[in-house]
Each structure stands twice: as structure tokens, then as C-alpha cells.
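The structure appears below as C-alpha cells.
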Amino acid sequence: MTEPSDRLQAFVDTQGADLFAVLSSRGRELGAGAEDPEGCCYDLMEIAGAMLEIFNEMIPAVLAARDADIDTLQEVWWDIFHEFRNIDYHIHATIYPET
């Protein structure tokens with residue numbers, strides 16, 4: 001079974017261009033942000049990249065810092081929070097702009 005991070009990486013590496021092609025030809029029919037194929041694909045790529053960073057780098061950093069002083073641990077934790085705010089921004093920028 002393919003790991004979720006592998007699927008996200010595949011999207012970043014190759015499937016983003018394929019999705020752009022689909023949205024370029026059919027985006028107006030799909031709606032929900034798909035009528036802006038470039039913006040939608042950009043936002044999805046940003047979301048995928050942020051998720052990869054959270055789960056491949058940041059959560060392991062929290063686990064590695066579990067015995068560190070609270071300021072160090074909190075700094076790493078806030079980095080994760082910042083990435084989730086970035087994801088939220090990209091969800092609302094193009095994909096669901098009306099929400």
C-alpha cells in the first residue's frame with residue numbers, strides 16, 4: 001500500500017501538471033475554484049508541500065524535542081500551527097474562495 005506521504009509527493013512531482021491539463025480543459029464545468037486552473041493547482045501544490053513538511057519534518061522535530069525546554073518545544077509546535085494556517089489560506093484562496 002502506498003503511504004499518504006508518497007501520494008502527496010507524487011502529486012507534487014508529477015500529477016500537478018496532469019491536473020492542470022484537466023482543469024484547463026474542464027475547469028469551468030467543475031466550478032469550486034477549478035475555473036482558475038493555475039491558481040487551483042498552485043494552491044493544491046502548496047497544501048501538499050505543507051503537509052509533507054508537517055508530517056515528514058515538523059512532527060519528528062516535536063518528538064525529538066520532547067525533553068527540551070518548553071521554549072524550544074513551543075517554537076517547533078508553533079511552526080506546525082503556522083503551516084496549518086498556510087494550508088487554510090490556500091484552501092480559501094482559490095479552491096473555496098467563497099468560504
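Please read all numbers here as calculations on a predicted model, not as lab measurements.
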Residue pair Ile54 / Ile59, side-chain heavy-atom distance below 4.5 Å: yes

Polar contact flag, side-chain donor to acceptor under 3.5 angstrom, His90-Asn86: yes

Cluster check Tyr89, Leu44: I/L/V/M/F/W/Y, side chain < 4.5 angstrom: no

Single-linkage hydrophobic cluster Leu19~Tyr42, side-chain heavy atoms < 4.5 angstrom: no

Separation between CG of Asp79 and CE of Met58, rounded to the nearest 0.5 Å: 5.0 Å

Leu73 versus Val62, closest heavy-atom pair with distance: CD1-O, 3.8 Å

Common cluster, Ile47/Phe20, ILVMFWY with side-chain heavy-atom separation under 4.5 Å: no

Separation of Glu83 CD from Phe55 CZ (nearest 0.5 Å): 11.5 Å

Gap separating the CG atom of Asp43 from the NE2 atom of His92, nearest 0.5 angstrom: 11.5 Å

In one Ile/Leu/Val/Met/Phe/Trp/Tyr side-chain cluster, 4.5 Å: Leu52, Leu63: yes

CD (Glu57) with more than 12 external heavy atoms under 6.0 Å: yes

